[in-house]
Amino acid sequence: MKKLFTYPFVLLIKGYQNFISPLLPSSCRYTPTCSHYAVEALQTHGLLKGGWLATKRIASCNPWGGSGYDPVPPKKKYIDK
């Protein structure tokens, strides 16, 4: 069910990656790039949390923000006791 909600957003990002990004100079300060991070965050965490992670990452991709290797955090597994 999670894939059903995230699919349109992943499709939009993939469209950006394939058709718009090649026309622009490389400017992302992070590895993986912000668009790849957004796709992975959506696929791993779903629309709400993945969208929030992607938004935070894109907002920090500026000259005063961070840079370097910044992977998507793994999904936490909760154990009932």
Side-chain angles (χ1 to χ4, degrees):
M1 189 69 164
K2 178 171 46 172
K3 288 184 180 185
L4 180 67
F5 293 114
T6 60
Y7 182 75
F9 295 96
V10 170
L11 195 62
L12 284 171
I13 296 167
K14 294 283 188 181
Y16 164 79
Q17 289 174 335
N18 290 319
F19 299 109
I20 297 172
S21 183
L23 303 174
L24 302 172
S26 178
S27 62
C28 190
R29 303 169 53 85
Y30 289 104
T31 302
T33 64
C34 292
S35 62
H36 285 94
Y37 182 96
V39 169
E40 187 178 345
L42 288 168
Q43 291 173 337
T44 302
H45 296 285
L47 185 58
L48 293 178
K49 185 170 182 182
W52 173 247
L53 290 169
T55 300
K56 284 188 349 183
R57 168 69 177 275
I58 292 167
S60 74
C61 193
N62 62 66
W64 302 278
S67 63
Y69 182 65
D70 180 31
V72 173
K75 190 169 187 161
K76 292 181 181 177
K77 298 194 180 213
Y78 296 100
I79 301 171
D80 281 337
K81 291 185 177 182

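These figures come from a predicted structure and were not determined experimentally.
Without hydrogens or angle criteria, S60 side chain to R57 main chain gives a donor-acceptor distance under 3.5 Å. A donor-acceptor contact shorter than 3.5 Å is absent between the side chain of D70 and the backbone of S67. Between the R29 side chain and the N62 main chain, a donor and an acceptor come within less than 3.5 Å of each other. With hydrogens and angles ignored, the 3.5 Å screen pairs no side-chain donor or acceptor of Y16 with any backbone N or O of S35.
Taking OH from Y7 and CG from L11, the interatomic distance works out to 5.0 Å, rounded to the nearest 0.5 Å. To the nearest 0.5 Å, the span separating NE2 on H36 from OG1 on T31 amounts to 11.0 Å.
In the hydrophobic clustering of ILVMFWY residues, with side-chain heavy atoms under 4.5 Å counting as a link, V10 and L48 come out apart. Hydrophobic clustering keeps V72 apart from L47 (ILVMFWY residues linked when any side-chain heavy atoms are closer than 4.5 Å, directly or through intermediates). Two different hydrophobic clusters hold L42 and I58 under the rule that ILVMFWY side chains link at heavy-atom gaps under 4.5 Å.
Across all non-hydrogen atoms, the minimal contact from S21 to Q17 is CB-O, 3.7 Å. Of all heavy-atom pairs spanning Y37 and P73, the tightest one is OH-CD, 3.7 Å. Closest non-hydrogen pair, P8 versus F5, comes out as CD-O, 3.5 Å. A pairwise comparison of heavy atoms in H45 and K75 identifies CE1-CA, 3.5 Å as the closest pair.
The side-chain heavy atoms of T6 and Q43, taken from C-beta on, include no pair separated by under 4.5 Å.
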